[in-house]
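Counting starts at 1 for both ligands and their atoms, following the listed order. All figures in this text were calculated on a predicted structure; none of them were measured in a lab.
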Amino acid sequence: MALEIAPGSRIPIDVLAREIGVSQTPVREALTRLEREGLVRKEHLIGYSAAPQWTRKQFEDLYAFRLLLEPEGARLAAQNMTPTALRDLEAVAADMEHGEGPVDRTTRYSRFARADAHFHDEILKIAGNEVIRSTLSGQHVHLHIFRLMFNTRVTQEALEEHESLLDAFRAGDPRAAMDAMREHVERSRDRLLMAFE
Ligand SMILES: [Zn+2]
């Protein structure tokens, strides 16, 4: 996540196991898990390596995909919204703004990225379409955004956009929720495109 192992570089299991002082089995298991999350890659006869950073094409494809699913997810969530679900969602949003004092830039961004992932997932949970939710979560969007942005500017502009989404949910307006989510994902895409310049 923190790019200490450079994207694309090899991760030899034996070296890693020796460094950590454990046998190869837990290291192998951990790498298998990371492979599922898209953080490492396994190649036949070569072994594991740190996943390369997203290319601009991958990034744009993924955002096109988000734009297909997330506005619809927000629309469904607005339809299904209950006072309890809204309260929970507001708590998740508040977590992004406040929380504990940031230790440093990295911790702050990591917390922000995780909280944002949680906020988006919570909306899809309320939307109630498990296919949409699991398909999106399988892409580990926020994890890759975190890696991509690790060495660049931290942005919290998203908070205002989340607030307009919450307004639409409070008003029980599916159309407005859909529009607010579309705008949020589009703006997020435009902000992150900087990483490729
Ligand atoms: Zn967001």
Taking the Zn ion (ligand 1) as the reference point, name the nearest N/O/S atom of His184.
-> NE2

Decide, yes or no, whether a salt bridge links Glu90 with Arg170 under the criterion of side-chain N to carboxylate O below 4.0 Å.
-> yes

Going through the checks in order, is the side chain to side chain contact (heavy atoms under 4.5 Å, CB included) test met by His120 and His162?
-> CA-CA 10 Å; His120 284 259; His162 284 182; 3.5 Å; yes

Would Arg191 and Glu161 pass as an ion pair if we require N to O under 4.0 Å?
-> yes

Angle, NE2 of His120 through the Zn ion (ligand 1) to NE2 of His162 - 10° precision | 110°

Give the name of the N/O/S atom in Asp116 that lies closest to the Zn ion (ligand 1).
-> OD1

Hey, are Glu183 and Arg187 close enough for a salt bridge, meaning a charged N less than 4.0 Å from a carboxylate O?
-> yes

